[in-house]
Structures are given as structure tokens and as C-alpha cells.
Amino acid sequence: MSSNLSLYNTADRKISAFKPLVPGKVGIYLCGATVQAPPHIGHIRSGVNFDILRRWLSVSGFDVTFIRNVTDIDDKILHKAVHEEIPWWAVAMKYERAFSDAYAALNVLPPTYEPRATGHVTQMIQLMQILIENGAAYAPGNGDVYLEVRKLKSYLTLSNQKLDDLQSADDADLTHKRDPRDFALWKAAKAGDPSWPTPWGAGRPGWHLECSAMAQAYLGESFDIHGGGLDLIFPHHENEIAQSEAAGWGFANIWMHNAWVTTSGEKMSKSLGNSLQVQELLKRVRGIELRWYLGSAHYRSMLEFSFEALEESSINFRRIEAFLGRARSLLGFDIATSINPAFAKAMNDDLAVPQSLALISEWVKDGNNAITNKDLKTLSQAASDVRGALAVLGCDPEDLAFATSGGITSDVLDGLIGLALEQRTAARARKDFAASDAIRDQLAALGISIEDTADGPRWTVANETSK
RNA sequence: GGUCGGAUGGCCGAGAGGCGAGGCUCAGGACUGCAAAUCCUGCCACACGGGUUCAAAUCCCGUUCCGACCUCCA
């Protein structure tokens with residue numbers, strides 16, 4: 001198996017050939033959600049972008065182990081628990097479910113493993129033990145444990161900053177810290193908060209520790225790719241690197257970061273209220289359409305959100321979907337999936353999805369022409385190239401993840417609508433267009449659109465969400 | 001103050017020295033009883049000022065504007 005994949009690495013800000021640590025295998029760790037609110041499209045864009053990476057690696061022949069964690073304990077969750085008057089773990093479960101539902105609706109594959117922070121306290125304690133033994137971390141005795149960043153031989157290499165240039169935090173408390181920039185691996189228990197016992201006192205994990213511990217637990221001391229949103233570069237990923245390298249681990253080879261969904265040029269703001277939550281947008285467009293939109297820009301480019309752009313993108317997708325529907329009925333068999341070399345070349349170039357979309361448009365055009373020309377060979381190839389590309393992008397309309405109704409069988413529907421269409425065809429034959437148009441209008445009122453083709457009428461059910 | 005990124009046609013969105021990616025919208029045309037779908041044609045953009053080059057959206061210098069991060073963040 002060989003791959004020509006090149007990826008951009010935040011660490012050196014260059015695109016380089018991807019070389020897995022173990023030939024044929026790839027380990028990926030993606031920072032997942034802190035489950036303290038329902039997911040918005042920014043969260044899910046990250047999920048979609050890395051899902052495309054994962055699917056492409058799999059299609060390229062790699063055996064992929066994909067880890068995406070759940071941060072189920074942190075300050076915000078505790079605050080929310082007080083606010084919602086339910087236990088902290090109930091808050092975490094509630095929003096973890098909301099994320100899982102959103103991922104599923106957009107056909108983001110479940111990770112190979114999806115570890116929760118609270119399930120890996122043992123690994124975190126082990127890591128802290130190593131760090132303290134190595135002299136990299138210290139426990140001042142109050143139950144906190146800190147990493148001493150001044151002692152690190154290299155720190156802030158990912159964000160290319162200098163320790164002394166950082167603005168110091170307003171709330172830096174030097175009661176226990178040796179340096180204001182030392183960060184907490186472990187936080188001493190406060191009254192009423194959940195805590196776990198450790199050799200240094202009871203407490204709960206700091207944000208950064210969990211990822212180092214869980215990445216090592218599932219992927220080993222060194223692994224291939226670590227991903228997350230741009231904003232995680234500092235401090236989160238810097239601190240993960242600090243912890244893991246201070247423990248003597250090689251950690252991540254490649255760092256990949258997805259860009260924002262922006263509104264009016266700015267990082268998505270809360271001023272839009274709940275309207276950009278995944279569940280809200282799914283009332284406007286189908287999951288497959290939302291995914292197509294979120295995946296359509298390059299993962300390192302800002303995606304400027306607007307409802308208009310979302311709608312336009314959906315129209316574009318429906319055109320492709322309609323083509324596959326026509327191709328399938330014309331060919332009379334299920335369309336295969338094939339990987340066109342041009343598509344592979346684009347995807348291998350740091351996941352050039354926008355280029356891939358241009359290719360798909362070309363193939364759809366070729367395929368439509370082939371339908372006109374009754375060139376089934378060209379049609380078959382175009383359709384399978386389109387479907388193969390859509391599958392990698394997670395937008396294959398045939399994917400069971402997007403299956404709609406299992407109710408009335410299509411045979412029954414086809415028969416019923418066929419009856420109406422026979423009447424209409426008869427009316428048209430005798431030039432009774434008033435009657436034929438009436439039938440078409442009545443079907444349209446039911447959400448069924450009719451297209452007259454050279455081979456007779458075709459019907460499709462309009463999308464419930466797009467009428 | 002430090003670090004990082006951005007500005008491309010009506011809109012979205014690629015490209016990173018040389019044929020105007022692609023989509024959406026709009027206009028015209030073909031096909032059609034009409035419609036729909038499809039196809040064809042058109043709409044010649046790269047923040048500003050200099051420079052390098054036979055050739056610059058792309059490289060260099062300068063300027064303006066916008067944004068992200070600096071210990072809560074996808």
C-alpha cells in the first residue's frame with residue numbers, strides 16, 4: 001500500500017509528505033467537545049473536517065485508529081450543574097448525547113474509541129507521577145499539581161511564542177505557583193465539587209492533562225496526527241506537548257488545525273443566539289446538506305457563514321444528488337464507487353476539498369451529457385466517480401446514515417404515482433393540457449415533482465426541509 | 001506588547017508567476033404543448049501604492065483595513 005498524501009503541519013507551517021510511524025497504520029487524536037452546551041456548527045465543522053481526513057486515509061488503505069475525547073469535567077460543566085440544578089455528570093451526559101446526535105446527523109463516523117476524561121484519572125495520576133519524578137512538575141501541598149514551564153527545554157514551539165512575551169493573566173495567583181505561567185495539571189478539590197483521590201490530595205483534572213494521558217493510553221507515546229480547532233494551539237496543545245514531552249514521550253508528529261466558522265468576518269459569536277446550533281440548522285436543511293456546506297471550504301480557511309450561502313450550497317448538492325438518481329434509474333443498477341485519479345490527487349494535496357468539488361461538478365456535467373447522448377459507459381464512469389468522491393466527503397446519498405423513511409415502500413408509492421402519471425400521459429396524448437397540468441399540480445401539492453424526459457415522466461419527492 | 005491569519009466578481013469559494021477552478025444568482029439561447037430538468041453562451045474579479053519580470057491575483061517593499069490567540073474556547 002502506498003500513499004502520496006501530503007499534509008500541512010502547524011508545527012513547521014509547511015505541507016510535507018505524510019509518513020506514518022508504522023507503515024499502513026495511522027493514529028489520530030482529535031480534541032473533542034467539552035460537553036457543557038449543545039453543539040454549534042463550529043464544533044461540528046471540526047468533526048466533519050477530521051472525518052473527511054479519516055475517511056480519505058481509510059480509502060487510501062490505511063488502518064486508522066481515530067480517538068476523539070469527551071471532556072466531561074471542567075469549570076463550565078460544574079457551573080452549569082449549579083445553574084440547571086442537576087448533578088454535574090447529568091450535565092455532561094446530556095450534552096455528550098447532544099454532540100453524538102449531531103455527529104450522527106452529519107454522518108461523522110464514531111471514533112474508534114471515544115474516551116471520557118473522568119474515566120482516565122488513573123492514567124492522569126500515572127502521568128503526573130512521571131512528571132514529578134522527572135522534576136518537571138511540582139505539588140505545592142495544597143492539592144494542586146503544576147507543570148513548571150520555565151524548566152522545559154522547549155515550550156511554545158507550536159505557537160512560536162516566547163514565554164516572556166505572553167501577557168500575564170490577571171488572576172495569576174502566586175500563592176502556590178512558582179511562576180505565573182505554570183499551568184495546573186490537577187486542581188485541588190473545592191467544597192462541593194467532584195474529586196478523585198491522588199497522592200497529592202483529592203481534586204480534579206486540569207484541562208490539558210487528560211489529552212496527554214488519553215492519547216498515550218490509546219495511541220502510545222508517539223502517534224501520527226493530533227488535531228483540533230485553531231484556538232487550541234495555545235494554550236491547550238502547547239501544554240499537551242509540554243506534559244507529554246516532559247514525560248519523555250514523542251507525542252504527535254503532525255499537528256492539524258481547522259479554521260473557524262465566522263460570521264461577519266468574526267469568530268462565530270454568541271450574538272446569533274441558538275440559531276447556529278446544529279439542531280436548529282437541521283430544521284432548515286438536511287444533515288447531508290449541512291455536512292456538504294461545512295465541508296465545502298478548505299479546512300484551514302475560514303468559512304463565512306450565512307443562511308444564503310447554506311441554501312446555495314444545498315441547491316448545489318441537490319443537483320448532484322438528482323444526477324445520481326437519474327443515473328441510477330437509467331443504468332438500472334446500483335452505482336459503484338470509484339476513486340478518480342484527479343480526485344485522489346486533490347485530496348492528497350492537504351485535502352483540497354474545494355478542488356474536489358470542482359471535479360464533481362465536471363463529472364456531473366459529463367454525466368448529464370452522457371444521459372442525453374445515451375452513452376451509458378460514460379455515464380456509469382461519471383456516476384461512480386461522483387459517488388466515490390461523495391463517499392469520501394461523507395455525503396453519499398446512498399449512505400444508510402442518511403436513510404430517510406422506512407415506511408411506505410417505494411414500490412407502493414411508485415405504483416400509486418404511476419397510476420396518476422398514466423392518466424396524465426393519456427391526457428397529454430390527446431392534447432388535453434388542462435387535465436395533464438391539473439394532475440401535475442395536484443402531485444406538486446403533495447410534494448411530488450414531475451419531470452418529462454425523453455423516456456417518459458419521472459417523479460421525485462421534494463425534500464421536506466427544502467420546500 | 002507578542003504570535004498567527006486574512007482582504008479575489010452580485011454572493012460563496014479555489015488558486016500562489018504565464019491558458020479567467022467550481023458553485024449560487026442573473027441575462028440570453030437550445031430542448032419542451034407549457035413547466036421542470038439538462039445543456040450551451042454571457043456576466044472577464046483578485047484591498048491600495050510602488051517595484052522585480054518578457055509575463056504578477058501569485059514574488060519583493062510600503063500602506064490601509066479586518067480578524068484570531070496570549071491560560072474558558074472547534
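Being a predicted model, the structure only gives us computed values, none of them experimental. Numbers restart at 1 for each chain; the letters A, B, ... are given by sequence-line order, proteins then strands.
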Determine whether any donor atom in the side chain of A:R319 lies under 3.5 Å from an acceptor atom in the base of B:rC24, or the reverse, and answer yes or no.
-> no

Scan every strand shown for a Watson-Crick or G-U wobble partner of B:rU58, both distances under 3.5 Å, and answer none if you come up empty.
-> none

Name the pairs: protein N/O against N/O of nucleotides 2-4 of chain B, kept only if under 3.5 Å.
unit_1: B:rG2; atom_1: O2'; unit_2: A:D165; atom_2: OD2; d: 3.1
unit_1: B:rG2; atom_1: N2; unit_2: A:Q161; atom_2: OE1; d: 3.1
unit_1: B:rU3; atom_1: O3'; unit_2: A:N160; atom_2: ND2; d: 3.4
unit_1: B:rU3; atom_1: O2'; unit_2: A:S159; atom_2: O; d: 2.5
unit_1: B:rC4; atom_1: OP1; unit_2: A:N160; atom_2: ND2; d: 2.9

When all nucleic acid strands are considered with a 4.0 Å heavy-atom cut-off, which category describes A:L303: base, sugar-phosphate, or nothing?
-> sugar-phosphate

Below 4.0 angstrom, N of the basic side chain to O of the carboxylate: do A:D432 and A:R430 qualify?
-> yes

Is the centre of the A:H40 ring less than 6.0 Å from the centre of the A:F305 ring?
-> no

Between C1' of B:rG5 and CH2 of A:W260, the distance in whole Å | 12 Å

Who are the side chain to side chain donor-acceptor pair (under 3.5 Å) partners of A:E398, not counting sequence neighbours?
-> A:R328

Enter the distance from A:L147:CG to A:D179:CG here, rounded to the nearest 0.5 Å.
-> 11.0 Å

Considering only atom C1', compute the distance from B:rG23 to B:rG51 and round it to an integer number of Å.
-> 36 Å

Contacts under 3.5 Å, N or O only, protein and nucleotides 28-32 of chain B:
none

Expressed in whole Å, how much space separates the C1' atoms belonging to B:rG49 and B:rU64?
-> 10 Å

Give the rounded distance in Å between these two atoms: CD of A:E312 and C1' of B:rC12.
-> 6 Å

Give a yes/no answer on whether the side chain of A:N369 brings an N or O atom under 4.0 Å of OP1 or OP2 in B:rC39.
-> no

Evaluate whether atom OH of A:Y113 has more than 12 neighbouring non-hydrogen atoms of other residues, nucleotides or ligands under 6.0 angstrom away.
-> no

Do the side-chain N or O atoms of A:S296 get closer than 4.0 angstrom to the phosphate oxygens (OP1, OP2) of B:rC12?
-> no

Atom pair distance, as rounded to whole Å: NZ in A:K267 and P in B:rA74 = 8 Å

Separation of atom CG in A:N49 from atom C1' in B:rA74, rounded to whole Å = 10 Å

What's the CG-P distance between A:N316 and B:rC11, to the nearest Å?
-> 19 Å

Dump the intermediate steps for side chain to side chain contact (heavy atoms under 4.5 Å, CB included) on A:I450 and A:I448, then the final yes or no.
-> CA-CA 7 Å; A:I450 303 304; A:I448 295 161; 4.2 Å; yes

Under 4.0 Å between a side-chain N or O of A:R300 and OP1 or OP2 of B:rG13?
-> no

For the residue pair A:Y138 and A:W200, is the inter-centroid distance of their aromatic rings smaller than 6.0 Å?
-> no

When the ring centroid of A:F251 is compared with that of A:H226, is the distance short of 6.0 Å?
-> yes

Ring centers of A:H208, A:F183 separated by less than 6.0 Å = yes

